[in-house]
*Asks:* 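Have a look at the structure that comes next, please.
All residue numbers in this chain count up from 1 along the given sequence.
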Amino acid sequence: VSFKGSYDESPLAAQTARKIGSDHHTIAIHTDLKNDIDRILSGYGEPFFDSSAIPSWYVAREARKSLKVILNGDGADELFGGYRRYVPEANGWYALARPLSPLAKWLPKPADKMGLYSWLFRLLSSAGENDALAFWLKTRTDISEGLIDWKPNAIFDQARTFLEGLSHHTPLSRALLADQGLLLAGDLLVKMDIATMAHALEGRSPFLSRELALLAPKLPDRLKIRGTQTKWILRELARRRLGSTVADAPKRGFEVPLRAWVERDLHEPIFDRLLSTNALWPTYLPEKTVRSVLENRAPIDAEKRARFLWTLFCLETWNETAPSAPKGASFSGHSGPSVACRGFAPAGGY
């Protein structure tokens, strides 16, 4: 599948197909967000915030025109170490950066989430976190960081207990198991399952077969991260069969032009719903903070503003369009995110 943007992998896919002799077709994706967005988001039946649900939905729609079952690569990153954020864990960099972590509060916030400075900034700012949950959140998502101070609640306590239970593992294994239990189970698999089933398409994940899922945690760390090379063992297998162009390709997320969508394609529905008298967000978020983001006065970069507004828009879309949504209801009992609020996707694949 090809689509506009810097993360288009269709040329590599075509090269791979030629290498292995598969029957290959390249399909260009064309989006119609204004007409499709409610159907995409309300299909989850709960607040779901991962913006890659959109390309996943379109990919599944196109695939279903000729296929009934597809294979995906879900689980490979979480089992074998495919994200940049695992490199510091494997090399002990957080321990080295901890004495310098107070400097992060004085450094300028990164403007480019995919740049080296952004990676170093998040490494430094995360190194000072002693709380297991705070550390996991800071290294995975920054949607509300610096904007919302969530109060303690039962959902956070459950996640923290799970993360603290991994303390006897190596830092890399701890990070992988944490993402398998929280990110993979609570976001990525949910996203793909709903996106495919929305089109009566069966999606299957070979990397999550029972044999591989049991084998991966037993492999030594050096077969997953070696130096700064992520997913080492899978890259070596790819090198033997597909060559170095594919094996050495950088990690690419299923990114979307979220800022452009928020500022142009979805600007009207976003602001209509967030400013609606029936909006849900005022029942649990500080109005002054949200208003500052809406009016572009908050001290955050444009990409983070887009992610924050997108998150609220997903909530309001669920509140407005899902058949079972309690109109105007609040998340009672705590001011943190409900267990049903899925899709806190990592910020820039960090």
Side-chain angles (χ1 to χ4, degrees), residues 6-16 19-20 52 71-98 100 110 112-127 135-136 138-141 166 169-184 188 205-209 211-255 345-350:
S6 59
Y7 297 97
D8 181 11
E9 290 185 291
S10 58
L12 272 181
Q15 175 184 321
T16 302
K19 183 80 173 179
I20 65 176
S52 65
L71 305 181
N72 62 56
D74 285 346
D77 291 320
E78 293 78 15
L79 288 173
F80 296 100
Y83 297 119
R84 289 192 303 172
R85 61 176 175 266
Y86 297 143
V87 173
E89 301 276 16
N91 292 285
W93 293 351
Y94 284 114
L96 295 175
R98 192 165 294 122
L100 301 176
D112 176 14
K113 68 175 183 176
M114 294 302 291
L116 177 61
Y117 178 74
S118 175
W119 188 84
L120 291 172
F121 178 86
R122 293 184 68 80
L123 169 67
L124 200 61
S125 62
S126 303
F135 176 81
W136 187 85
K138 182 165 281 191
T139 54
R140 268 69 177 174
T141 179
L166 304 176
H169 292 277
T170 68
L172 177 59
S173 291
R174 186 163 59 239
L176 294 172
L177 291 169
D179 283 355
Q180 290 167 33
L182 297 177
L183 179 62
L184 186 63
L188 304 180
S205 309
F207 283 108
L208 295 175
S209 64
E211 292 80 6
L212 278 180
L214 291 174
L215 170 66
K218 300 176 183 178
L219 296 176
D221 289 353
R222 59 185 174 81
L223 295 183
K224 300 167 185 175
I225 302 288
R226 186 164 295 189
T228 59
Q229 183 65 274
T230 58
K231 213 153 46 178
W232 185 85
I233 191 171
L234 294 188
R235 290 181 185 274
E236 287 303 301
L237 290 171
R239 194 183 315 280
R240 296 179 186 181
R241 295 184 177 273
L242 304 176
S244 59
T245 303
V246 170
D248 296 331
K251 167 68 178 172
R252 293 178 176 89
F254 212 6
E255 297 285 323
Y350 176 81

*Asks:* Distance from Asp77 atom CG to Asp179 atom CG, nearest 0.5 Å?
*Replies:*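 Asp77 CG to Asp179 CG: 9.5 Å, rounded to 0.5 Å.
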*Asks:* Work out which heavy atom in Tyr94 is nearest to a heavy atom in Ser126; give both atom names and the distance.
*Replies:* CE2-CB, 4.0 Å
*Asks:* What is the distance from atom NZ of Lys138 to atom CZ of Phe135, rounded to the nearest 0.5 Å?
*Replies:* 10.5 Å
*Asks:* Give the intermediate values and the outcome of side-chain contact (heavy atoms from CB on, under 4.5 Å) for residues Trp136 and Arg174.
*Replies:* CA-CA 10 Å; Trp136 187 85; Arg174 186 163 59 239; over 6 Å; no
*Asks:* Could you list the residues that satisfy ring-ring contact (aromatic ring centres under 6.0 Å, His included) with Phe207, not counting sequence neighbours?
*Replies:*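 With neighbours one apart ignored, the set is empty.
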*Asks:* So which atom in Gly81 and which in Ile225 form the shortest heavy-atom distance, rounded to 0.1 Å?
*Replies:*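 Heavy atoms only, the tightest pair is O-CD1, 3.3 Å.
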*Asks:* Roughly how far apart are Leu219 CG and Leu79 CG, rounded to 0.5 Å?
*Replies:* 9.5 Å
*Asks:* First locate atom CG of Leu188, then atom CG of Leu183, and finally report the distance between them rounded to the nearest 0.5 Å.
*Replies:* 4.5 Å
*Asks:* Contact between Arg239 and Asp248 at the side-chain level, heavy atoms closer than 4.5 Å - yes or no?
*Replies:*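 Heavy-atom side-chain distance check passes, below 4.5 Å.
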*Asks:* Under a 4.5 Å cut-off applied to non-hydrogen side-chain atoms, are Leu212 and Phe80 in contact?
*Replies:* yes
*Asks:* Checking Arg122 side chain against Ser118 main chain: does a donor-acceptor pair fall under 3.5 Å?
*Replies:*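 The answer is no, because no donor-acceptor pair under 3.5 Å joins these two groups.
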*Asks:* Looking only at heavy atoms, what is the nearest atom pair of Ala213 and Leu208, with distance?
*Replies:* CB-O, 4.4 Å
*Asks:* Please name all residues satisfying side-chain contact (heavy atoms from CB on, under 4.5 Å) with Leu177, sequence neighbours left out, ordered by chain then number.
*Replies:*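 Result, side-chain contact (heavy atoms from CB on, under 4.5 Å) vs Leu177: Leu166, His169, Gln180.
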*Asks:* With no hydrogens and no angle check, is any side-chain donor or acceptor of Arg235 less than 3.5 Å from a backbone partner on Ala247?
*Replies:*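 Side chain of Arg235 to backbone of Ala247, a donor-acceptor pair under 3.5 Å: yes, one is there.
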*Asks:* Among Leu234, Thr230, Leu172, find the residue that satisfies the side chain to side chain contact (heavy atoms under 4.5 Å, CB included) test when tested with Lys224.
*Replies:* Leu172
*Asks:* Taking all non-hydrogen atoms of both residues into account, name the closest pair between Arg85 and Glu89 and its distance.
*Replies:*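 Heavy atoms of Arg85 and Glu89 come nearest at O-CG, 3.7 Å.
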*Asks:* How long is the straight-line distance from OH of Tyr83 back to OG1 of Thr139, given to the nearest 0.5 Å?
*Replies:* 12.5 Å
*Asks:* Please report the interatomic distance CH2(Trp119) to CG(Leu124), rounded to the nearest 0.5 Å.
*Replies:* 11.0 Å
*Asks:* Give the minimum heavy-atom separation between Gly227 and Val87, together with the two atoms involved.
*Replies:*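 Looks like O-CG1, 3.7 Å.
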